[in-house]
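Just below is one structure, and these are the notes that go with it.
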Amino acid sequence: MPKLSTAIVLASASLVAGHGYVSSIVANGKNYTGYIVDRYPYMSDPPQSVGWATTATDLGFEDGTEYQAPNIICHRNGVNAALSAPVTAGSTIDLQWTPWPESHHGPVITYLAACDGDCSTVDKEKLEFFKIEEKGLIDGSVVPGKWAADELIAAGHRWSVKIPSTIAAGNYVMRHEIIALHSSGQLNGAQNYPQCFNLQVTGGGSDIPAGNLGQSLYKNTDAGILFNIYTTLSSYPIPGPALYS
Ligand SMILES: *[C@@H]1O[C@H](CO)[C@@H](O)[C@H](O)[C@H]1NC(C)=O
Ligand SMILES: [Cu+2]
């Protein structure tokens with residue numbers, strides 16, 4: 001695509017899109033550029049990345065109509081990242097989101113799935129994800145509540161996740177996700193923004209946690225998916241399988 005039309009596409013994308021994606025991660029102190037979804041799809045030879053490619057060029061979301069379909073795994077038409085970021089088990093990965101809209105309250109959840117080989121070629125539909133962290137409602141006393149996503153915004157659109165020290169060394173796909181709940185009072189109104197990265201975990205223990213296929217993490221009627229945030233809340237059931245511990 002010629003440069004001028006790319007600029008027009010980019011300009012209109014930033015006007016339309018109210019959402020976001022992870023533009024970089026830091027692992028073992030090294031900063032890795034993610035898959036720049038509003039730029040790389042328009043390049044003839046985009047840089048290789050530790051972030052999975054997607055066609056979500058609107059910086060948009062998946063919803064309940066896709067929960068049992070491949071798009072929920074690593075976002076829209078997700079394609080394996082070519083690179084992997086080495087990370088020591090027990091250490092923390094930082095994720096940098098693009099500016100996240102204030103209206104998009106909701107939980108932040110991160111999963112890992114062992115690749116049993118090379119994450120750059122693994123079949124995403126066979127990945128079994130176990131949840132390594134989850135944060136949902138922080139304070140429900142003031143409508144529409146204070147949420148993990150609000151904390152992420154306050155931290156500069158950043159999030160930190162600890163890689164468990166107990167998991168076996170090896171190659172993993174990290175699936176990090178914000179679920180925006182501003183419309184989730186209606187069926188298929190929750191918005192999932194899954195972001196996948198390839199990690200090469202070193203050190204660690206011997207645990208090989210059981211997991212769930214990406215296509216069976218959620219149902220559109222789950223208590224934490226079909227959920228109205230515009231009322232005083234005392235709790236919020238974070239969706240997805242139980243936390244690994
Ligand atoms: C990676 O570097 C860029 C450019 O300096 C910075 O904006 C971003 O916040 C860094 N990423 C993380 C996760 O710290
Ligand atoms: Cu949005």
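Both ligands and their constituent atoms are indexed starting at 1 by order of listing.
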query: In His19, what N, O or S atom is nearest to the Cu ion (ligand 2), if we give its atom name?
result: ND1
- prompt: Mind checking whether Ile72 and Asn192 have side chains closer than 4.5 Å, heavy atoms only?
  reply: yes
For residues 164-174, dump all side-chain donor-acceptor pairs below 3.5 Å to protein atoms at least two apart in sequence or in another chain.
{"residue": "Thr166", "atom": "OG1", "partner": "Tyr244", "partner atom": "OH", "Å": "2.6"}
{"residue": "Asn171", "atom": "ND2", "partner": "Gly117", "partner atom": "O", "Å": "2.8"}
{"residue": "Tyr172", "atom": "OH", "partner": "Ala168", "partner atom": "O", "Å": "2.6"}

field: Set of ring-ring contact (aromatic ring centres under 6.0 Å, His included) partners for Tyr236, sequence neighbours left out
entry: Trp147, Phe227
- prompt: Okay, side chain of Gln191, backbone of His104: is any donor-acceptor separation there less than 3.5 Å?
  reply: no
query: Would you say Val87 and Tyr32 are hydrophobically clustered, going by side-chain heavy atoms of ILVMFWY under 4.5 Å?
result: yes
field: NE2 (His104) to the Cu ion (ligand 2) to OH (Tyr193) angle, given to the nearest 10 degrees
entry: 100°
field: Metal check, the Cu ion (ligand 2) vs His182 N/O/S, cut-off below 2.8 Å
entry: no
- prompt: Is Glu177 paired with Arg175 through a side-chain N to carboxylate O contact shorter than 4.0 Å?
  reply: yes
field: Any residue meeting salt bridge (charged side-chain N to carboxylate O under 4.0 Å, His left out) with Lys162, in chain and number order, not counting sequence neighbours
entry: none
What does the N/O contact table under 3.5 Å look like for ligand 1?
{"residue": "ligand 1", "atom": "2 (O)", "partner": "Asn31", "partner atom": "ND2", "Å": "2.2"}
{"residue": "ligand 1", "atom": "9 (O)", "partner": "Gln96", "partner atom": "OE1", "Å": "2.8"}
{"residue": "ligand 1", "atom": "9 (O)", "partner": "Arg158", "partner atom": "NH1", "Å": "3.3"}
{"residue": "ligand 1", "atom": "11 (N)", "partner": "Ser24", "partner atom": "OG", "Å": "2.7"}
{"residue": "ligand 1", "atom": "11 (N)", "partner": "Asn31", "partner atom": "ND2", "Å": "3.0"}
{"residue": "ligand 1", "atom": "14 (O)", "partner": "Arg158", "partner atom": "NH1", "Å": "2.9"}
{"residue": "ligand 1", "atom": "14 (O)", "partner": "Arg158", "partner atom": "NH2", "Å": "3.1"}

